Q: 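Got a structure for you, questions after.
Remember, it's a predicted structure, so these values are computed and weren't measured experimentally.
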Amino acid sequence: MLNLGPIAFAAPWLLLGLVALPLLYWLLKVTPPNPRTISFPAIRLLADLVHREETPNRTPLWILILRMVLAALVILALSRPLLNPAATLPGGGPLLLVVDNGWAAARDWPARLSAMDNLIDQADRQGRTVTLLATAPSPNGDDPALAGPMPANAAKRVAQTMAPHPWPVDRAAALQTLRQAFKPQGSPYIVWLSDGVVTASPAGIADPAAADLVTHLRRLGALEVRGDGQERPALLIRQPVLDGASLRVPIERSETSLPLPITLRAQGADGRLLGAATATLPTGESRVEVPLDLPTELRNELASLRLEGQDTAGAVLLTDERWRRRPVGLVSGRAAGEQPLLSDLYYLERALSPYAELRKGEIGELLDRTLSVLILADVGSLTEVEIARLQSWIEGGGVLLRFAGPRLAQNADALVPVPLRAGGRALGGALSWDNPAGLSPFADDSPFHGLTVPADVTVKRQVLAEPGIDLASRTWARLADGTPLVTAERRGRGALVLVHTSAGPDWSNLALSGLYVDMLRRVVALSAGVEGGEAAGMLAPRAILDGFGRLADPAGTTFPLAATDLGGPISPRHPPGYYGPAESPRALNLSPAIPAMTTPDALLAGVPKGLYAAGGETELKPTLLTMALILGLIDLLIALSLRGLLPRLPGLGRGAAAGLALLLAGGLAMGDARADDARAIEATAQNWLAYVRTGDGAVDGVSKAGLEGLGRVLADRTAVEVAGAMPVDLDNDELSFFPLIYWPVTEGQTNLSDAARNRLNAYMRQGGMVLIDTRTPSAAGDGPGGPGLEALLRGLDIPPLAPVGPEHVLTKAFYLLGEFPGRYAGGELWAEAREDNASNDGVSAVLIGSNDWAAAWAMDERGRPLYPVVPGPERQREIAYRVGINMVMYALTGNYKADQVHVPAILERLGQ
């Protein structure tokens, strides 16, 4: 290899071909000998004829130069020039590439392929063989195997077929393969393409298999490690935890040196985004819990949690019926066969049946099945066996909800969140001075926070809690006089909840209200989903995650999974994905099979490290051959033209400069055409608001910020979606793409050119609307702009104008408006005097005002106003936004609002 600073030649001996260029030049100049001259008097008769075609007696110099450059480009390309060449690989033996292709390697996999290509190219230039070792088991379940040694071309083909797998690497098996099969000739150079992840024990000790592999590689030869760096650690979603009505999703990473922002997305089975949450992993922290608040309806549609920007199987967590099914058991303390309207279970069933799976029976038989919530309606004292089973069930994650009643009031047991007084409290009875009590608003820390308390919900009887120091912290709902109505206590992973009134309407009309349904749904949402006792036996694979975290059909090497093995190890036979019947598949995720993560840095002391994304060498051969091909085609066209086989190009024989000038001019014209086409495509693909480019940077900036701010308000309040604000040049740009053009008038603005005048007239005739803003405070009664504006608009087809009155469509296009303020208030808005312009759907082609609307609409990236409104207050800015919305709706929808005004008259004429 020949190195010349930043450029090197892999085949420098081919540069000797440049020495032959003078010989090539001499050969190209060789022409046939001149013909012998013989005098013949009659030939003078042809002397005055016009020569229509001439043949040069030698090759023109510019063609010689063109062909010499072409030959030089071919010679340089064949010598394989390299820009920023990499250093020569150490050692004299083969190149060994140890490639991590497990789940963590999927992030930025193309960068890993590029790194392998560059290393194999280096080995090829040095005539060294290549051996590849992938550390993850193959899809058929075989241990990692060596590929090679083989030539570089074969190694490239093998490398391109490699792909990440959704299971972990097996470095112990890879080490065993190396010891048995790798017998190099000479000193090999080894590059470990690491995924940056080493599993660790709870004490932080790295996997011994990784340490043994590094030790063995260092003994074999010179070792280099490539990785993603601190900016791109591997991320893993751990099993979420239910916290009230929200999910807390733990996220772990392998590298903790830098703060890392993350975005968690909740998606449905159809890929629809259900919700998102963001968090930041601070420096030194490997774990963060991201709260994800989803309504119950959306959580029941949840199919997967995904980390944005991390295309790995570890950055995806699949959900199944365990996150959606909420079996609820119902037990009543009353005798069976009572009238439905007198039964507590009747009201519970009506409230919960649309949202949960209800089961009725005795406590023992209900607990024998999987259950999320158990509701005891006026069940008095429980047996010691039942209390023990219920306590164990609650600590395992169940939610026990008890309702009071006569039996509980007289026979309360120990399974309540707070001690109770014997008997009950009656309100509104003959012997009571108190009226039935209403409910207080729910506190901020209550699971019922946010629910509206109807004024007509009252309680006339309840059981009372004994006062205690922890009573306030265990109270979720209170009556208006402060008496606890709902108390609760967390026990283990579950909760024990007591409603101090009845489940039916005996003691309260709560059961007859919508609040009753909402409160029950909040309590049920506190529980964990269940797996369902129906899942048993072998579960066939349904859909499998590939190495990039995408669901795909299972391969032939994927085997059925025993229901008892869910949550077990991940392997090629059992990759992460869905298993079981199509109507209720079970999710097998990667994260439970991955212990704590760390980086291999502690194992790599003294080992050179590099990055996948680091700038590498660039081979110039393809570029040079492309240039040579282009010059060859040009030379061919010139040769055909000179031989008369193509129409002769004017001035072709005068030199290369003219030809190159023509080519350059054509390229510039094509570039301008492409730019115009790109602008047209961009303007028509989405809705844009436009503003006239005035040449004043400050004014144009206000116009852009104002229209973009108006676009954000439109998106928030209407169905109109605006992509942004686009400047237009009235002299050159096509205007028909925009429904509304905002034109701020500046001092010293020159009169319109003929081209601009023609474009504006055509735009207004075709249905466009121009909003002209003089941006100067004015009082009602002033004319539209004055003499200066009249001179500026001279030549435009502007119809007679009149101030917008209270019956104009602009006052009711979306909001009902009585004025049109912007940054300034008080000025009038002028529009066409007639609203029956059928050619433009009743829309005025011109609106003229002076209130500086763009400055009132302008906001920064955070939605904060950029300019104050005069005279204020901020209510004026809100009205200005409404003015802008009405203008856009007026431009887009025409005069349909005015048509609605005529509906009564039309009905009257029809006799209705």
Side-chain angles (χ1 to χ4, degrees), residues 103-111 164 166 195-197 227-320 323-324 545-551 576-577 587 589-592 594 596-597 599 612-613 712 715-716 721 723-724 860-863:
W103 68 270
R107 63 190 196 279
D108 203 10
W109 181 256
D195 60 10
V197 175
D228 286 291
Q230 300 173 349
E231 297 82 3
R232 290 184 58 81
L235 297 178
L236 191 66
I237 302 181
R238 295 293 186 182
Q239 200 75 0
V241 178
L242 283 168
D243 184 9
S246 66
L247 291 175
R248 287 186 291 110
V249 186
I251 310 295
E252 288 186 9
R253 62 172 173 171
S254 56
E255 170 64 53
T256 64
S257 301
L258 297 174
L260 180 68
I262 55 176
T263 300
L264 181 68
R265 299 167 62 90
Q267 294 183 347
D270 55 356
R272 179 166 45 96
L273 180 65
L274 304 179
T278 59
T280 299
L281 279 157
T283 302
E285 295 293 333
S286 62
R287 180 185 175 100
V288 68
E289 287 192 349
V290 182
L292 183 63
D293 294 321
L294 291 176
T296 304
E297 294 82 357
L298 291 183
R299 199 174 80 185
N300 285 338
E301 297 181 26
L302 181 64
S304 64
L305 299 171
R306 295 176 180 268
L307 289 174
E308 197 171 83
Q310 286 277 328
D311 298 326
T312 70
V316 178
L317 187 130
L318 303 176
T319 62
D320 53 23
W323 299 98
R324 294 184 283 273
L545 286 177
D546 65 8
F548 298 102
R550 302 171 300 202
L551 282 172
N589 287 301
L590 174 71
S591 59
I594 305 297
M597 298 186 299
T599 63
Y612 294 119
R712 293 170 63 176
D716 290 341
E721 294 185 0
D860 62 12
E861 295 80 1
R862 299 183 180 179

Q: Can you tell me if Arg238 uses its side chain to pair, donor with acceptor, with the backbone of Ser591 under 3.5 Å?
A: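 Yes; at least one donor-acceptor contact below 3.5 Å.
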Q: Are any non-hydrogen side-chain atoms of Leu264 and Leu307 less than 4.5 angstrom apart?
A: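 Side-chain contact under 4.5 Å: yes.
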Q: Is there a donor-acceptor pair closer than 3.5 Å between any side-chain N or O of Ser286 and the backbone N or O of Arg253?
A: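 It does not hold such a pair.
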Q: I'd like to know if the side chain of Ser254 and the backbone of Val197 have a donor-acceptor N/O pair within less than 3.5 Å.
A: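 It does not hold such a pair.
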Q: Mind checking whether Leu247 and Leu302 have side chains closer than 4.5 Å, heavy atoms only?
A: yes
Q: How far does CZ of Arg232 sit from CD of Gln310, to the nearest 0.5 angstrom?
A: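 Spacing of CZ (Arg232) from CD (Gln310) equals 6.0 Å.
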Q: Test side-chain contact (heavy atoms from CB on, under 4.5 Å) on Leu236 and Trp103; report intermediate values, then the result.
A: CA-CA 10 Å; Leu236 191 66; Trp103 68 270; 3.9 Å; yes
Q: Are any side-chain N or O atoms of Arg306 and backbone N or O atoms of Gly549, one a donor and one an acceptor, separated by less than 3.5 Å?
A: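 Present.
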Q: What heavy-atom pair brings Leu292 and Gly275 nearest, and what distance separates the two atoms?
A: CD1-C, 4.5 Å
Q: Between atom CG of Leu305 and atom CD1 of Ile237, what is the distance when rounded to the nearest 0.5 Å?
A: 5.5 Å
Q: What I'd like to find out is whether the side chain of Leu317 reaches to under 4.5 Å of the side chain of Gln239, using heavy atoms alone.
A: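 With C-beta onward as the side chain, the pair touches.
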Q: Just so I know, are the side chains of Leu260 and Ile262 near enough to count as touching, which here means a heavy-atom distance under 4.5 Å?
A: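 Result yes, sub-4.5 Å side-chain heavy-atom pair found.
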Q: Determine yes or no for a side-chain-to-main-chain donor-acceptor pair under 3.5 angstrom, with Arg107 supplying the side chain and Asp195 the backbone.
A: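 Present.
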Q: Which heavy atom of Ala303 sits nearest to which heavy atom of Ala269, and what is that distance?
A: CB-N, 3.4 Å
Q: To the nearest 0.5 Å, what is the distance between CE on Met597 and OG1 on Thr256?
A: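 Reported to 0.5 Å precision, the distance equals 11.0 Å.
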Q: So Leu545 and Leu551, side-chain contact (heavy atoms from CB on, under 4.5 Å) or not? Walk me through it.
A: CA-CA 4 Å; Leu545 286 177; Leu551 282 172; 3.8 Å; yes
Q: Compare every heavy atom of Glu289 with every heavy atom of Pro291, then report the nearest pair and how far apart it is.
A: CD-O, 3.4 Å
Q: Measuring from Glu308:CD to Asp311:CG, what's the distance to the nearest 0.5 Å?
A: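 Reported to 0.5 Å precision, the distance equals 10.5 Å.
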Q: Would you give the length of the straight line joining atom CG of Leu258 to atom CD of Gln230, rounded to the nearest 0.5 angstrom?
A: 5.0 Å
Q: Check whether any side-chain heavy atom of Pro166 lies under 4.5 Å from a side-chain heavy atom of Leu590, and answer yes or no.
A: no
Q: Can you tell me if Asn589 uses its side chain to pair, donor with acceptor, with the backbone of Leu318 under 3.5 Å?
A: yes
